[in-house]
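For clarity, every value in this text was computed on a predicted model and none was experimentally measured. Just follow the structure's listing: the first ligand is 1, and inside any ligand the first atom is 1. For reference, positions follow the sequence shown, starting with 1.
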Amino acid sequence: LRGRTIVNLFAEDSTRTRISFEAAAKRLSADVINFSAKGSSLSKGESLKDTAMTLQAMGADAVVIRHSASGAAQRLADCHWMSGSVVNAGDGTHEHPSQALLDAFTIRKHLGMGGTDLTGLSIAIVGDILHSRVARSNVLLLSMLGAQVALVAPPTLLPVGIHNWPATVSYDFDSVIPHVDVVMMLRVQQERMGELFFPNAREYSRYFGLNKDRLAQMKSTAIVMHPGPMNRGLEITADSADSARSVILEQVTNGVSVRMAILYMLLAGSQEIGATE
Ligand code: NCD
């Protein structure tokens, strides 16, 4: 991607996703501009439209956007403010497609039966489904690839209309855990919780946390995943996060490759190299 300019527009905090997209773009020799809300005119109240038009004027070939508003990436992609590609790096509580792709890739590497899909695998997604864009994108992708998805959470952390999702729902982690091939834990998103969704942290961990006892109930081949950042001691104990079953750091490694593929497919050969100069 030499000669292409990729802008990382992060209007919400991020460690892994931002660094991962940056590493992916740099490994493909693109020019990368990191633009975070703090320290930019976004924090002075500039609109997304003005920001997008400014990026267009600077010749950005792609914008990787993370935004607290659900639908922000779609808005940018559908508008005529800029002509480059738009990659959704997480929009509010809506979607996080590159995370789902790297999760599916990690699952396939560990448990794939040789085919390209995930047919026959059973996957539990556990925790704060209500606020999780990771859960929404994974439910869509994993079910599309043929996996059976079980959502496990307290009723207060499940969105309205959950029964229309292509997944089963359970409030009982212990009854689900012995039957699944993958346990995907989600972060309790305290920053999106304006009110109380469960009585206290101890009770949450006891019913919905992954710990040594639950780890022992898993199938011998089953793996543990978490998109990060983790609240160690809340949704996952340190010994579970660091256990031999955990593929959490592999998810991070695979994220770079998957994002390289995304950027390459969007940008390579789309125009003459150097045409934007
Ligand atoms: C997730 C996110 O930001 O949606 N993290 C990530 O991208 N690796 C999940 C989270 O914040 O809990």
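- For the 3.5 Å distance criterion, the side chains of Q251 and D103 qualify, holding a donor opposite an acceptor.
- Using a non-hydrogen distance threshold of 4.0 Å, G90 does not register as a contact of ligand 1.
- Scanning the protein heavy atoms around atom 10 (C) of ligand 1, the nearest turns out to be R187 NE, 3.4 Å.
- Remark: ligand 1 atoms within the under-4.0 Å shell around heavy atoms of T17 are 6 (C), 7 (O), 8 (N).
- Numbered from 1 in the order shown, with element, the atoms of ligand 1 that lie under 4.0 Å from a heavy atom of R66 read 2 (C), 3 (O), 7 (O).
- Here's the thing with P227: one of its N/O atoms is less than 3.5 angstrom from an N/O atom of ligand 1.
- Taking every heavy atom of Q99 and a limit of under 4.0 angstrom, the matching atoms of ligand 1 come to 6 (C), 7 (O), 8 (N).
- Atom CZ of R232 sits in a crowded spot, with more than 12 heavy atoms from other residues, nucleotides or ligands closer than 6.0 Å.
- Contact between E12 and ligand 1 is absent, with no heavy atom of the residue lying under 4.0 Å from the ligand.
- Here's the thing with V134: none of its N/O atoms is less than 3.5 angstrom from an N/O atom of ligand 1.
- Interface of H96 with ligand 1, defined as ligand atoms under 4.0 Å from a residue heavy atom, comprises 2 (C), 4 (O), 6 (C), 7 (O).
- Interface atoms of ligand 1 facing R133, defined by a heavy-atom separation under 4.0 Å, are 2 (C), 3 (O), 4 (O).
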Worksheet entry | Verdict with supporting geometry, N8 and E22, side-chain hydrogen bond (donor to acceptor under 3.5 Å, both in side chains) | CA-CA 7 Å; N8 277 331; E22 182 175 354; 4.9 Å; no

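- By the 6.0 Å and 45° rule, R66 does not stack over the aromatic ring of F10.
- In summary, the aromatic rings of F173 and F208 are positioned with their centroids too far apart to meet the 6.0 Å limit.
- G228 O, 2.9 Å is the protein heavy atom nearest to atom 5 (N) of ligand 1.
- Between the side chains of E191 and H131, no donor N or O sits under 3.5 Å from an acceptor N or O.
- Counted by atom type alone, T237 and N211 present zero donor-acceptor pairs between their side chains at under 3.5 Å.
- Enclosure of atom CD in Q148 is not indicated, since only 12 or fewer non-hydrogen atoms of other residues, nucleotides or ligands lie within 6.0 angstrom.
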